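A short worksheet on the structure shown next.
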Amino acid sequence: MSSIIPSAPCTACNHPRPPNSGGMFTSFRSSLAAMRSQAQQAGCVTCWILCEGIRHYLEDKQGREDSAYGDVDTVQINLNVASTSARSVEVVLFFETPVTLSFFCEEQTPWLAQHMPDIPLGNAIPHSTSSSESLTWAADRIQHCIDSHEPCRHQSPDCPLPTRLLDLTAPVPSGIRLIESSSLPSQSPYACLSHCWGKSPFLRTLRQNLPSLKQEIDWDSLPKTFQDAISFTRRLGISYLWIDSLCIVQDDEDDWRKEAAKMAGIYRGARVVISAARGTDAGKGMFSSLEGDWTKICTVRLTPPTGRGDGGEKKREERIYVRRAIAHITRPRLRYMADITSTWYPLFTRGWVSQERLLAPRIVHFGWQELTLECRAHTRCQCTPVSAADYSDVNSTTAKFHERHTLPKRYYFPSPQSNPTLGSTAGGSTIDSIRALRTRWRHLVEDYTRLHLTFPKDVFPAISGVARAMMLSPSLSPPASRSSHKSGSNSPIDMETMSELKLHTEAGWIYAAGLWWGPVMTSSDSAETDQRPDPLGELVDRGSYLVVKGVMIPTKLRVNLTVRDAVQPWNAIDLDVLMGYVKNVWADEDCRDWAAGGQDQMVWCLPLGQTLPRGELMCLVLVETPRDGSIAASERLPQEEEELYKRVGLVQVLGGPPGQGLDVWMERLLQKGDERVVRVV
């Protein structure tokens, strides 16, 4: 189409976009009818390009016998909400099963920069993630990261080898056996596997089979994901592989705790972590091949009029390509759009994976259509040329806003080598650094608590490595009021000095085994955990407790008879002191049985803090419990006058009685209690 002349911003496609719009996300509904009308009557070149791309795709579908698509009119245009680069153009076709098309170019010409500034660079991808082309791509990206990325080298300090590794070059028929790493040179490179365990049984190391696995591991006994990971590791030229289910004795609690305490170092010390992102269990495998629509790339050609932005006197043919959208590993998380990444990739719903992903110096994700390498400096995928900018190269509000999800390593662990406009706190004051760290920690906990764990007791171990790494952040310096540290610690902040942070942040701080770290309404002391191999790790039933100084509000608890027999835990109990308040009350699992005796029970409400942005008040519901020896004498704090309590619920107060503003009802509520130091077990 050689005569189309772009007009003012189009109501159908929102183009032309502002010249500086690259990286700004937007999403809106439109229709094919409206875009065709704008192309024909108003001369909108972008509408014409989008319609032509859709037409090519639909014609190809209709030419196949398995086509089940009918007419479609409603579409959604998404700009800069996908891909690892800072730009993307996607159109969602609302069939019975929606289909998303992606538009890209091979060269961003001056004409495209003017008319479609959001269109990304792209290229064809190999037919399989197990192909030689994919292996070469991964090996090149890994080596480039090792050679060129100072932040990635900084994140991978000298770490001791894991206790056990799989030897992939063993002199046995399968070439695989489990070995003790003490026999290896300390700098031996190894890879790690990150995968979903799933519910189906698979080979694991137990005390009973440990001796035989040290002799040889039979190839056919391994699940498909393990076989694929071993094949890929060997092809990279790496001789050793760490897999949690094989390198930790699963029925030995002491071994598990000891190895879990080393987990941060295991992933930080790996040459590369292999992510089986799309598999729901160990039997699904890692590799995938392009099938169906994803094998087809359509081409839209047009020749713009001479002198209309093409930068020269000669006419030049512009080419825009269309394909079925790639299921990218990383994409911005927008409040008004579902987080479909977790739907595509079950691995990213697992609690342990958050730590594995953040601590690894570099990680190769095996996706549905392509490979993605994620490191501290960049995120690169096969469908995007290496020369294309990603979010680390774009100094825009969008890049800053989405860094948490598109460059999580860089966001949570900023370094002096990082772009200071994208989250680095290096060079700032200690108090500013601590405030930035507090914000990052709260974001991490927010993301982490959305994830799932097979065993609830893993909630602290699965994040303890990140907590420890944040304490070692180079953007922090020791608090001025205290310089003492635990013996052998090189951390600017450790468990011993954590409570001193409140002197620098103008708020009380609380820290519980690496998970709960944030401001509270009053001051608080540190949490105490059992002194197992990892003081930030697993809590145990006897010996773990939390000491808090806050306002204790006495009240009576009663079972709400209207919902007592319901399944849901919210509002199954009520508190007299909050009668007339707008609230949600969550009962812990044993609370309703405990309080269903027929008479009111005396409990205490302990305000913790306010949520953002609406200022809802969060409170613990505590019941006093006798000192029955559940805390060993050697583990008690000096304040023996502290009262002992147990948590039975959680309250979210959304509003006070009618006619009372936020400050009024909150102040009156706090006046009903008195300040105490309590120990929660």
Side-chain angles (χ1 to χ4, degrees), residues 1-19 21-22 24-63 69-83 87-95 98-122 293 296-312 314-325:
M1 185 174 184
S2 60
S3 60
I4 292 182
I5 300 175
S7 61
C10 172
T11 57
C13 69
N14 201 28
H15 283 75
R17 298 264 281 163
S21 65
M24 295 177 61
F25 67 87
T26 188
S27 179
F28 54 92
R29 292 289 180 97
S30 187
S31 70
L32 289 177
M35 289 195 294
R36 284 195 295 264
S37 175
Q38 286 294 98
Q40 295 170 1
Q41 299 179 17
C44 178
V45 67
T46 307
C47 279
W48 184 85
I49 291 172
L50 297 178
C51 287
E52 280 294 287
I54 295 170
R55 181 178 67 82
H56 283 304
Y57 170 79
L58 293 178
E59 285 180 350
D60 181 68
K61 289 294 297 180
Q62 293 167 359
Y69 296 107
D71 294 335
V72 63
D73 185 55
T74 302
V75 300
Q76 179 167 305
I77 300 175
N78 298 327
L79 303 176
N80 305 319
V81 296
S83 89
R87 296 177 173 82
S88 67
V89 176
E90 289 187 346
V91 178
V92 183
L93 308 179
F94 287 99
F95 297 113
V99 172
T100 303
L101 302 182
S102 176
F103 291 72
F104 66 95
C105 63
E106 291 181 334
E107 179 186 0
Q108 289 178 322
T109 65
W111 187 91
L112 281 174
Q114 177 182 349
H115 293 81
M116 295 186 72
D118 303 299
I119 195 165
L121 291 174
D293 294 355
K296 178 70 174 179
I297 296 180
C298 304
T299 306
V300 177
R301 293 180 172 87
L302 76 158
T303 305
T306 303
R308 300 292 298 184
D310 59 356
K314 294 183 179 180
K315 294 183 178 181
R316 170 177 176 156
E317 182 182 71
E318 300 286 348
R319 296 185 182 183
I320 297 93
Y321 301 93
V322 186
R323 65 179 159 204
R324 189 82 178 266

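Since the structure is predicted, the reported quantities are computational estimates derived from the model, not experimental observations.
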_Closest non-hydrogen atom pair between Arg319 and Arg301, with its separation_ = NE-NE, 3.7 Å

_Main-chain N/O of Pro117 paired with Arg87 side-chain donor or acceptor, under 3.5 Å_ = yes

*Contact summary for Cys13 and Cys44, nearest pair of heavy atoms*: SG-SG, 3.5 Å

*Mind listing the closest non-hydrogen atom pair of Phe28 and Ala12 along with its distance?*
CE1-O, 3.7 Å

*Between Leu112 and Cys105, which heavy-atom pair has the shortest distance, and what is it?*
CD1-CB, 3.8 Å

*asked:* If you define the side chain from C-beta out and look only at heavy atoms, does anything of Ile297 sit under 4.5 Å from Phe104?
replied: yes

*Would you sort out whether Leu101 and Leu50 count as a side chain to side chain contact (heavy atoms under 4.5 Å, CB included), showing the intermediate values?*
CA-CA 10 Å; Leu101 302 182; Leu50 297 178; over 6 Å; no

*Cys47 SG to Gln41 CD distance, which is reported to the nearest 0.5 Å*: 11.5 Å

*If you round to the nearest 0.5 Å, how far is CD of Gln76 from OG of Ser30?*
10.5 Å

*First locate atom CH2 of Trp111, then atom CD of Glu317, and finally report the distance between them rounded to the nearest 0.5 Å.*
11.5 Å

*Any side-chain heavy atom of Val322 sitting closer than 4.5 Å to one from Val91?*
no

*Might you point out which heavy atoms bring Ile49 and Phe103 nearest each other, and give the distance in Å?*
O-CE2, 3.8 Å

*Applying side chain to side chain contact (heavy atoms under 4.5 Å, CB included), run through His15 and Ile77 and close with a yes or a no.*
CA-CA 11 Å; His15 283 75; Ile77 300 175; 5.6 Å; no

*Would you say Met35 and Ile54 make side-chain contact, with heavy atoms under 4.5 Å?*
yes

*Separation between CZ of Arg323 and OH of Tyr57, rounded to the nearest 0.5 Å*: 14.0 Å

*Side-chain donor or acceptor of Asp73 paired with backbone N/O of Ala33 under 3.5 Å*: yes

*Examine distances only and state if a side-chain atom of Asn80 and a backbone atom of Ser88 form a donor-acceptor pair shorter than 3.5 Å.*
yes

_Closest non-hydrogen atom pair, Gln108 against Ile119_ = NE2-O, 2.9 Å

*Supply the atom-to-atom distance Leu58 CG to Leu93 CG, rounded to the nearest 0.5 angstrom.*
6.5 Å

*Atom CZ in Arg36, atom CD in Glu52: separation rounded to 0.5 Å?*
11.0 Å

